[in-house]
Structure formats: C-alpha cells, structure tokens
Protein chains: 8
Amino acid sequence: MELNVYLAGEIHTDWRETIRAGAAHLPVTFTAPVTDHAASDDCGVAILGAEDDKVWHDRKGAQVNAIRTRKAIADADVVVVRFGDKYKQWNAAFDAGQAAALGKALIVQHAPEHAHPLKEIDAAALAVCETPEQVVQVLDYVLTGALPR
Amino acid sequence: MELNVYLAGEIHTDWRETIRAGAAHLPVTFTAPVTDHAASDDCGVAILGAEDDKVWHDRKGAQVNAIRTRKAIADADVVVVRFGDKYKQWNAAFDAGQAAALGKALIVQHAPEHAHPLKEIDAAALAVCETPEQVVQVLDYVLTGALPR
Amino acid sequence: MELNVYLAGEIHTDWRETIRAGAAHLPVTFTAPVTDHAASDDCGVAILGAEDDKVWHDRKGAQVNAIRTRKAIADADVVVVRFGDKYKQWNAAFDAGQAAALGKALIVQHAPEHAHPLKEIDAAALAVCETPEQVVQVLDYVLTGALPR
Amino acid sequence: MELNVYLAGEIHTDWRETIRAGAAHLPVTFTAPVTDHAASDDCGVAILGAEDDKVWHDRKGAQVNAIRTRKAIADADVVVVRFGDKYKQWNAAFDAGQAAALGKALIVQHAPEHAHPLKEIDAAALAVCETPEQVVQVLDYVLTGALPR
Amino acid sequence: MELNVYLAGEIHTDWRETIRAGAAHLPVTFTAPVTDHAASDDCGVAILGAEDDKVWHDRKGAQVNAIRTRKAIADADVVVVRFGDKYKQWNAAFDAGQAAALGKALIVQHAPEHAHPLKEIDAAALAVCETPEQVVQVLDYVLTGALPR
Amino acid sequence: MELNVYLAGEIHTDWRETIRAGAAHLPVTFTAPVTDHAASDDCGVAILGAEDDKVWHDRKGAQVNAIRTRKAIADADVVVVRFGDKYKQWNAAFDAGQAAALGKALIVQHAPEHAHPLKEIDAAALAVCETPEQVVQVLDYVLTGALPR
Amino acid sequence: MELNVYLAGEIHTDWRETIRAGAAHLPVTFTAPVTDHAASDDCGVAILGAEDDKVWHDRKGAQVNAIRTRKAIADADVVVVRFGDKYKQWNAAFDAGQAAALGKALIVQHAPEHAHPLKEIDAAALAVCETPEQVVQVLDYVLTGALPR
Amino acid sequence: MELNVYLAGEIHTDWRETIRAGAAHLPVTFTAPVTDHAASDDCGVAILGAEDDKVWHDRKGAQVNAIRTRKAIADADVVVVRFGDKYKQWNAAFDAGQAAALGKALIVQHAPEHAHPLKEIDAAALAVCETPEQVVQVLDYVLTGALPR
C-alpha cells in the first residue's frame with residue numbers, strides 16, 4: 001500500500017518539512033499548496049493582469065491556487081490539516097470540509113487549546129494529533145503496522 | 001422552482017430571522033443547525049452519558065449535531081454561510097468546504113474587512129454578500145427574476 | 001410518468017411559450033433561465049454592488065444566474081436547447097454540454113442550416129427538432145405514446 | 001504533481017503547439033481532438049460507410065470523434081478551451097460545459113472582445129486567459145509555484 | 001415503503017396487465033415502455049421527419065423511445081424484465097444490463113427452458129420468476145411481508 | 001426537516017415498537033426488514049419454488065429480502081442498528097457496513113459489554129446508544145433541538 | 001492517449017484475434033471474457049463444488065465469471081460488443097446495457113440483417129460496425145487520427 | 001488483467017499466507033488489515049495518547065485502523081472475507097457490507113455450518129468458498145481461465 005497525502009493548512013512554520021523528513025522511509029507521496037505566501041497572494045494578477053480592486057486581485061489568485069489544491073485534495077488518500085496559533089485559517093477549515101465531503105481520511109493536527117472551536121472538524125477526522133511527529137507515527141503505523149518505540 | 005436553503009455559520013445574532021422574514025413570500029424551505037448554543041454543546045452527554053474529559057464531551061456533541069447538519073447540507077440546493085465578527089468560526093468554513101465539494105450553490109455573507117482571509121471560500125461561491133438583505137435579494141431574483149427596486 | 005424539462009438557449013423569441021402552451025395537457029414541469037435580458041445582465045451588480053470593469057459586472061451576474069440554471073439542469077429529466085438565428089449563443093452550447101455530461105436526455109432544436117456546426121451537440125442528443133412544435137410532439141409521445149395526427 | 005490537460009476548441013491556428021512548447025519542461029500530458037479538419041469531418045463515413053444525407057454523414061463522424069474527446073475530457077485534470085475569432089465554435093462551448101459539469105478545472109482563453117458572450121463560461125472557469133502564453137504560465141505556477149519573471 | 005417498478009421486455013402478451021391487476025392493492029407505481037409496436041417503431045420519423053434508410057428510421061425511433069425508457073429505469077427501485085418465447089429480445093437484455101449497472105433490484109421472469117442462455121442475467125437478479133403471478137407475490141412480500149397462501 | 005430512518009438488526013424483541021412509540025410526535029418515517037422470522041427465512045422458496053439444499057433455500061430468501069432492505073437503506077437518512085444479546089447477528093453488522101459506505105448517518109445501539117467487538121462499527125457511527133430510549137432522544141434532538149428533561 | 005478495450009459478445013469465431021492482430025501497432029490493452037466455452041460453463045462447480053440442479057450449476061459459474069467481466073467492463077474505456085449469427089446472445093446485450101449505463105464508449109459490431117432487433121443497442125453506441133476490421137479502423141482513427149487508405 | 005484483492009476478516013490463523021502463497025504466480029496485489037492483534041488494539045493510544053476509558057481507547061484505535069482499511073477496500077477489485085470459528089467477527093461482516101455497497105466483487109470464505117447466519121452476506125457474494133484454496137482457484141480462473149486439475 002502506498003499513500004498520497006495532502007498537507008493542508010498553516011504555511012508559516014516548517015511543519016511540512018518535519019513530516020516529510022519523518023516519513024522519508026515510507027511509500028508516501030506528499031502534496032501541498034504553494035507555500036510562498038507572496039506568490040500565492042499575487043499569482044492571479046501576476047499572470048492574468050492587474051486589478052485595482054483588492055477583492056478581484058484576491059479572487060484571481062484564489063482561483064488559480066484552486067487548480068492546484070482541488071487536484072491535490074481529489075488525488076489524496078489522506079488529508080492532513082494543521083491549525084497553527086495565529087490568523088483566521090478559514091482556508092484550512094475549508095479544505096477540511098472538502099476532504100470530509102469527498103470521503104478522504106482526515107487527520108487534524110492542532111494544539112489542545114483549540115480543541116473546542118475545532119470540535120466539529122475533529123469529529124470528522126480519523127486521527128487528532130497534537131504534533132507533526134504524531135502525524136508521522138500515524139502514517140507509519142497505517143502503512144507498516146509498526147508502533148512508535 | 002423551489003429552493004432548499006441551509007443557513008450555516010454564526011449563531012449569535014438573528015440574521016437567520018432576517019432572511020426567513022425577508023423571504024417569506026418565496027418558495028424556499030430553510031434549514032439550520034441547532035442554534036441554542038448550550039444545547040448544541042451539551043447534546044452528546046445529555047443523551048448518551050457524561051464524560052470527564054472535555055474532548056469526548058465535545059466529540060459526542062459534535063457527532064450528534066452532525067446527524068442534523070450533514071442531512072441539511074445534503075438536501076440543500078443552496079448553502080448560505082455567514083461569518084460574523086467574533087470567534088474562530090472554523091465550523092462555518094468547514095460547512096462551506098463540504099458544500100463546495102458536494103457541488104452546492106454557495107452564498108457567503110460577511111463584512112468587507114474579512115474578504116482577504118475568506119478569499120478561497122469567496123472564490124468557491126456564486127454570490128458574496130455583505131448583508132442578510134442581499135442574501136434575500138439573491139434568492140428572490142433566482143426564483144422570480146425580480147431585481148430589488 | 002412526469003417530466004421536468006429545462007428550456008435552455010435563445011431568449012429573443014417566444015418559443016418557450018409555444019412549447020408551454022402546446023404541452024399544457026401533459027404532466028410536465030418546465031423551468032427556464034431568467035429571460036428578461038436586462039435583468040439577467042445586471043442582476044449581479046444590482047444586488048451585490050456596482051463594478052467599474054465590465055468583466056466583473058458580467059462575472060457577478062453570470063454567477064448569480066448560475067444558481068438558477070445549475071439547479072434547473074440538475075433537476076431536469078430533459079434539457080431542450082434551442083439555437084436561434086442570431087448571436088454567438090455559446091451559453092446555449094455550454095448548457096448542452098452540462099446536460100450531456102450529467103446524463104440528461106438532450107433535445108436540440110435548430111434550423112437545418114446550423115446542422116453542420118452543431119453536429120457534435122446533435123450527436124449527443126436523443127432528438128433533433130427543427131421546430132418547437134416537434135419538441136412538443138416528442139414530449140407528448142414520450143409521456144403518452146401518442147403520435148401526431 | 002502531474003497534470004493531464006485537454007486542449008479543446010479552435011483548430012485553425014497553432015495555439016496548441018505554443019502551449020506544448022512552452023510547457024515542455026513541465027510534467028504535463030496534453031491531449032487534443034483530431035485537428036485535421038478533413039479527417040475529423042469525414043472519419044465516420046470513411047470507416048463505417050458513405051451516407052447520402054449530410055446530416056448522417058456528420059452524425060457518424062461526430063460520434064466517432066466523441067470516442068476520443070469524451071475519453072480525453074474524462075481523463076483530464078484541466079480542460080483548456082480556446083475560442084478563436086471565427087466560426088460558431090459551439091463545439092468548444094459544448095466541451096466547456098462537459099468539463100464544468102464533470103468538475104474539471106476549466107481554463108478559458110479568448111480575446112477580450114468576446115468576454116460578454118462568454119461570460120457564463122468564464123464564470124465557470126478558474127482562469128480566463130487572453131493568450132496561450134498565459135495558459136502556460138498558469139500551468140507552470142500550478143505545478144511549480146513559480147511566477148513569470 | 002412504496003416501490004417504483006419498471007416493466008421491461010416482451011410486448012406481445014398482456015403480462016403487464018396481469019401484474020398491474022395483481023398488484024392493484026399495493027403501493028406500487030408501474031412504468032413501461034410504449035407497447036404499441038407500430039408507434040414505437042415509427043415514432044422517430046413520424047415526428048422528426050421521414051428517412052429513406054431503414055437504419056436511420058430505426059435510429060430516430062430508438063432514440064426518442066430512449067427518452068422514456070432511460071427515465072423510467074433511472075427512477076425505478078425495481079426493474080422487472082420478462083423474456084418471452086419469440087424474437088431476439090436483445091432490447092430486454094439490454095435493459096437488464098442497464099438496470100444491473102445502476103444497482104436496481106432486478107427481477108427476471110422467463111420460462112425454465114431459457115435458463116441457460118439467461119444465466120448471466122439471472123445471476124445478476126434478486127429474483128428469478130417463471131410467471132407474472134410470482135412477480136406479484138415477490139412485490140407483495142417485499143412491501144407487506146405477506147407470503148402467498 | 002424530516003427523517004427517513006431504517007431500523008436494522010435484532011428481530012427478537014420489540015425494540016422497534018419502543019422507538020416508533022417514543023418518536024410518534026416526530027416527523028420520522030421508519031422502515032424495517034420483515035421481522036416475521038419464519039416468513040423471512042422461507043419467502044424465497046414459498047414464492048419461487050422449493051429447494052432441496054438448505055443453501056439455495058436460504059439464498060433465494062436472502063435475495064428476495066434484499067429487495068426490501070437495500071431499498072430501505074438507500075432511502076434512509078439515518079440507519080439505526082441494534083445488536084442484541086444472542087445469535088451471530090452478522091446481518092446487522094453487514095447492514096451497518098452498507099450504511100457506512102453509503103454515507104448514511106449511523107446510530108448503533110448495544111449493551112456496553114459488546115463495545116469491544118463492535119469498536120469498528122461504533123467508530124463509524126455518529127451516536128452509540130445503550131437503549132432504544134436514547135435512540136429516540138437523539139432523533140428528537142436532531143429534529144427539534146430539544147434535550148431530554 | 002491509450003485505450004482499454006473490452007471485447008464482449010460472441011465466442012465461437014476468432015474475431016477477437018482479428019482485432020488484436022489489426023490493432024497490434026496501437027496503444028490498446030484488450031480484455032475479454034473467458035472464451036473457453038466448457039471452462040466458462042463449468043467453472044463454478046469445478047471450483048466450488050458440484051450441483052445436481054443445472055440452474056445452480058449455471059448460477060455458480062455465471063457469478064464466478066462475473067468477477068472477471070464486471071472488472072473488465074469497469075476498467076474499460078471502450079466496450080466492443082459483437083453479435084454473431086447464432087444463439088440467443090442475451091449475455092452480449094446484457095454487457096452492452098452495462099456498458100451504456102456506465103457511460104462507456106460503446107462500439108457494436110454485427111451483420112446488417114440484425115440492425116432492426118439491435119436498434120436500441122445501436123442507438124446507444126458511438127459506432128456501429130459490420131466487420132471486425134472496421135472496429136480496428138475506428139480504434140486506429142481514435143488514437144492516431146489516421147483514416148484507412 | 002491484474003487484481004487488487006483485500007483480505008478481510010479473521011486474524012488468528014495463517015489463511016492469508018495460504019492465499020498469498022497459492023496465488024504467487026498470479027498478477028494479484030494483496031492488502032490486509034494490521035494483523036498484529038495487540039498493535040491493532042493499542043495503536044490509537046500508543047500514538048495519540050492514553051485514555052482511561054476503554055471505550056475511547058478502542059475508538060482511537062479503530063479510527064486509526066480505519067485509515068488503512070477504508071483505503072484498502074476502496075482500492076480493491078475483490079474483497080475476500082473469511083469468517084473463522086470463534087469470536088463475534090462483526091468487523092468482518094462490517095467490511096463485507098462496505099464492500100457490497102461499493103460494488104466490489106465479494107468472495108466469502110467460511111465453514112458450511114455458518115451458512116445460515118451468513119446467508120445475507122453470501123447472497124451478496126459472487127463466490128462462497130469453504131477453504132482458502134478455493135479462493136486461490138477462483139482468483140486463478142478469473143485471471144487465467146484455468147480450472148483446477
């Protein structure tokens with residue numbers, strides 16, 4: 001068995017690298033959104049032409065990014081969504097909703113203090129982790145049957 | 001044509017009543033989550049037995065509420081998601097993600113200052129409204145072809 | 001058996017009325033796009049706020065109209081698409097494509113001189129009519145087994 | 001991530017070659033309809049037997065071509081539809097409708113003067129480009145995160 | 001529980017009337033193809049225009065009839081297919097294949113001597129009956145739990 | 001909101017009547033398998049002809065019953081599965097698996113001592129009840145928002 | 001583009017070899033049912049145990065064969081169904097019905113004299129061939145754009 | 001043709017090894033749940049943190065295991081479910097229900113004495129085997145057409 005895993009959510013820390021490194025020995029293909037914040041915000045107007053209104057600037061960018069993220073979610077066996085400590089992160093919750101509706105295995109990772117506002121998302125998940133290391137351990141067990149020592 | 005409309009999101013103001021009243025002349029059936037905050041938080045343990053750990057208290061409740069919300073989203077032609085001014089509201093974004101993945105017509109309603117963090121959700125919507133009154137006008141036009149005077 | 005029939009395409013003649021009148025004795029529910037051309041073009045900005053750029057003016061309107069047309073196509077058993085003598089009518093062909101991909105029974109109605117450029121759409125249809133009266137006769141036969149006298 | 005991209009629409013210029021050449025460094029598999037106009041028009045009767053009536057001549061050909069185009073659209077992650085300056089191009093709009101209904105990421109490419117009659121199709125797209133070069137830039141960004149310099 | 005039952009297959013005897021009469025006390029809605037053989041054969045050309053070639057005469061008719069039969073199969077909970085003693089009846093087997101692929105409950109009714117050539121169809125059925133009366137008994141039991149006395 | 005609820009599982013006690021009576025004030029339509037054990041076991045041979053081999057006796061009956069149970073599960077919003085104290089009850093678990101795979105809201109009801117062998121089924125459920133009364137309370141809350149007093 | 005093609009229908013002549021040989025230069029993967037008539041008839045009892053009753057002998061075999069044929073149809077892009085000159089061939093029509101309902105590209109091959117009783121199946125096909133050589137030509141054109149010389 | 005086969009059910013004997021060894025010459029990829037009973041029971045708490053209550057201990061584990069088993073069932077062409085002589089084995093029946101609802105080819109393997117309580121599951125299967133060796137013979141025939149000698 002091999003897994004295709006989409007790493008959604010927070011883009012301000014290196015948690016994706018922690019998971020990729022920890023899972024380097026496993027038959028997992030990881031995908032992710034574009035994590036260069038500036039490129040992600042400006043891709044629409046940089047390619048398709050400038051907009052005066054910030055709303056349409058954002059709309060063009062969000063739709064171009066959606067080509068990548070929808071493909072990644074559609075192809076994923078597992079969607080990992082990490083909620084960090086800052087920002088609204090509505091996009092992370094939106095990705096979790098898409099994953100849940102498409103029947104993807106959902107793994108949520110967040111600090112314990114966010115458990116109450118995330119309770120509906122956690123309730124749709126098959127694993128709720130506190131750390132990226134736990135995400136790696138879940139993937140390792142799922143693929144190999146090995147538990148952490 | 002008749003519409004089944006699910007009113008998702010913020011539960012601390014009476015925006016749902018504004019929409020229901022404004023659309024009273026239209027062939028629309030509205031559904032909503034349980035908006036009694038205390039009941040919604042405690043339904044799991046009140047029915048299925050107490051839990052010491054708040055995480056499982058919340059899990060039981062969120063899953064019981066999901067029986068209602070998944071049914072409502074699945075039956076909806078249109079999902080309206082309102083983001084208010086307070087709280088994390090990850091559940092609202094999660095509902096929007098489910099609606100988008102299921103191909104529901106999505107109408108988002110929020111104040112202009114939240115446009116940037118909501119850009120991915122707005123980009124998946126067919127209408128982005130600033131007020132509940134605009135939501136009513138969209139429903140009216142969709143069903144009758146009449147524009148606001 | 002009852003049929004839900006969506007009447008897509010040309011909005012400058014009264015062909016829909018011809019069909020509705022001819023099928024008045026049949027158990028058919030008809031739906032249609034908003035056929036008031038001005039309202040259809042301006043609905044987005046009239047409800048959701050003005051735009052300086054015609055592209056976004058059109059985008060807002062097209063998306064609001066899509067709430068109605070997608071619902072109508074999704075609910076339809078039969079999609080009738082009429083191509084008239086004027087204009088690009090790309091929207092009519094777009095609706096035909098959606099209907100075909102969703103497995104709807106497609107009836108196309110157009111003058112014989114348009115047969116060659118419409119050959120791919122005709123090839124996806126279950127009936128190709130020259131007149132609205134023929135559309136009525138098809139619906140009548142499908143529902144009652146009666147042939148025109 | 002790799003992409004399967006179907007290049008639909010206009011067959012009288014070499015825009016497909018522009019895109020293939022521009023995207024040669026990317027992990028993209030391109031498909032296209034048969035672009036030899038004469039072969040495409042005559043394939044049905046050439047293989048399955050002559051027809052006196054042009055309608056059936058066209059029908060046979062359109063259905064044989066549909067074996068290729070439906071497969072290509074069904075397998076595509078992204079459907080690019082180009083509208084040129086001439087002809088009815090209803091087939092292009094029909095392909096766009098199929099792509100939209102199947103949930104494919106839709107990229108439309110056309111000159112600005114066609115924006116109004118294409119507004120419904122543009123409203124279903126995730127990117128609206130004026131040139132084939134912009135299509136390449138979108139694919140490049142989606143796959144690599146790199147913006148044009 | 002109510003059932004929508006499509007009665008497919010042989011059109012030369014009154015077996016459908018036997019079933020309708022026998023099930024008159026049950027909450028069953030029956031549908032059927034057009035059973036007027038001449039009308040069924042000629043409907044295409046009678047409405048859409050004459051054809052010199054019998055193949056296209058038949059094609060037009062078969063496609064118009066498909067508007068009715070596909071709708072009926074799609075809406076059915078149960079598809080009953082009767083094979084009679086004469087003719088090729090490939091259309092009956094074709095309907096059975098559609099019903100099986102769509103996950104409909106399939107009831108086949110035929111004389112025992114046809115069991116071997118029908119073994120693949122019988123193997124996809126939930127009941128194989130020898131008589132129309134048995135079909136009624138199956139429907140009665142399914143809806144009421146009552147066995148024949 | 002109205003609910004269609006299928007009551008699967010144990011057929012030796014009157015738990016279905018407890019639920020029907022308790023939910024009499026709610027907009028719920030209940031369905032159930034045939035609960036007359038003898039009729040359920042013998043329906044196949046009683047209608048379709050006797051079998052010497054018990055395996056085929058059972059096969060005919062199980063397939064006739066499947067016409068009813070598959071329809072009931074397919075139409076259900078909620079599937080309640082009760083596990084009693086006796087017998088293998090593999091059929092109950094089989095129904096739970098079908099419900100889960102079809103995305104139905106699953107409510108499981110069993111005594112606490114069966115929790116360990118039922119852990120995979122409970123993990124797919126949105127509510128795990130110990131008593132039929134709790135099932136009623138869940139349905140009441142889901143439909144009305146009212147908690148038990 | 002590559003094609004997966006299932007060769008259904010008549011098993012008494014070497015038409016499959018004609019097609020395989022003719023298409024040897026094309027990127028096509030062919031699948032087929034087990035064409036050893038005796039093995040196909042007896043596989044059920046040979047593996048799972050003898051049956052006295054021919055009906056159950058056939059049932060066991062038909063179901064084991066269905067493991068192969070359903071997989072082959074589900075994986076196919078194109079389903080070719082050949083009707084020969086003899087036998088009932090209801091299984092061929094049954095396969096055609098499954099292919100049509102699953103949205104597979106259907107190619108039918110039969111002698112002209114069978115056109116009338118096959119009109120419903122032909123009407124669901126994208127190509128109707130008289131010879132296996134024509135089937136090869138269709139596949140060649142679909143994949144390469146080349147017409148027969 | 002290649003097959004992806006999920007081996008569900010009993011984990012206390014080496015039946016999976018018997019099948020893997022017997023099918024070593026066939027193009028089959030086998031998957032299975034984690035069959036280390038202790039690891040399977042404890043995986044949730046070992047990775048995601050201890051629980052005082054056995055119910056939540058089990059819930060966490062069952063959900064982590066579901067990441068693997070749902071993926072395996074979703075990817076499978078054939079699901080083999082073995083019922084052994086001991087324990088409740090509700091999980092095996094639950095997997096069979098999921099497989100049936102998803103349209104997987106189901107092969108059930110059990111001793112004859114369990115035929116009656118398994119009759120509904122057997123009725124949804126395409127082969128009912130008494131031994132793992134018969135499972136291998138079915139796979140061999142399906143893939144090669146060869147019968148056991």
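Naming convention: chains lettered A, B, ... in sequence-line order (proteins, then strands); numbering from 1 in each chain.
Between chain F and the residues H:Val55, H:Asp122, H:Ile73, the largest count of heavy-atom pairs under 4.5 Å involves H:Asp122. Among F:Arg70, F:His114, F:Glu120, the residue making the largest number of heavy-atom pairs under 4.5 Å with chain H is F:Glu120. When F:Thr69, F:Asp58, F:Asn65, F:Asp41 are compared by the number of non-hydrogen pairs under 4.5 Å with chain H, F:Asp58 comes out ahead.
No donor-acceptor pair closer than 3.5 Å links the side chain of F:Lys119 to the backbone N or O of H:Lys60. Judged purely by atom type and a 3.5 angstrom limit, H:Asp36 uses its side chain to pair as donor or acceptor with the backbone of H:Ala39. Side-chain atoms of F:Arg68 come within 3.5 Å of backbone N or O of F:Ala32 as a donor-acceptor pair. For H:Arg16 (side chain) and H:Glu10 (main-chain N/O), a donor-acceptor pair under 3.5 Å exists by modelled atom type.
Test F:Val5, F:Val80, F:Asn4 against F:Phe30 for side-chain contact (heavy atoms from CB on, under 4.5 Å) and you get one pass: F:Val5.
Using a 4.5 Å cut-off on side-chain heavy atoms (C-beta onward), H:Lys88 and F:Gln89 make no contact. By the 4.5 Å heavy-atom criterion applied to side chains, H:Leu7 and H:Ile19 are counted as neighbours. Between F:Phe94 and H:Phe94 there is no side-chain heavy-atom pair separated by less than 4.5 Å.
Contacts of residues 95-104 of chain H with chain F at a heavy-atom distance below 4.5 Å involve H:Ala96, H:Gly97, H:Gln98, H:Ala100, H:Ala101, H:Leu102, listed in sequence order. Within residues 123-149 of chain H, the residues having any heavy atom under 4.5 Å from a heavy atom of chain F are, by residue number, H:Ala123, H:Ala124, H:Val128.
Residues meeting the ring pair (Phe, Tyr, Trp, His ring centres under 6.0 Å) test with H:Tyr6, sequence neighbours left out: none. Scanning for side-chain contact (heavy atoms from CB on, under 4.5 Å) contacts around F:Glu2 gives F:Pro27, with sequence neighbours left out.
The contact between H:Lys54 and chain F is made entirely by side chain atoms (from C-beta outward), counting heavy-atom distances below 4.5 Å.
Taking the six-membered ring where the residue is Trp, F:Trp90 and H:Phe83 present tilted rings, their angle falling between 30° and 60°.
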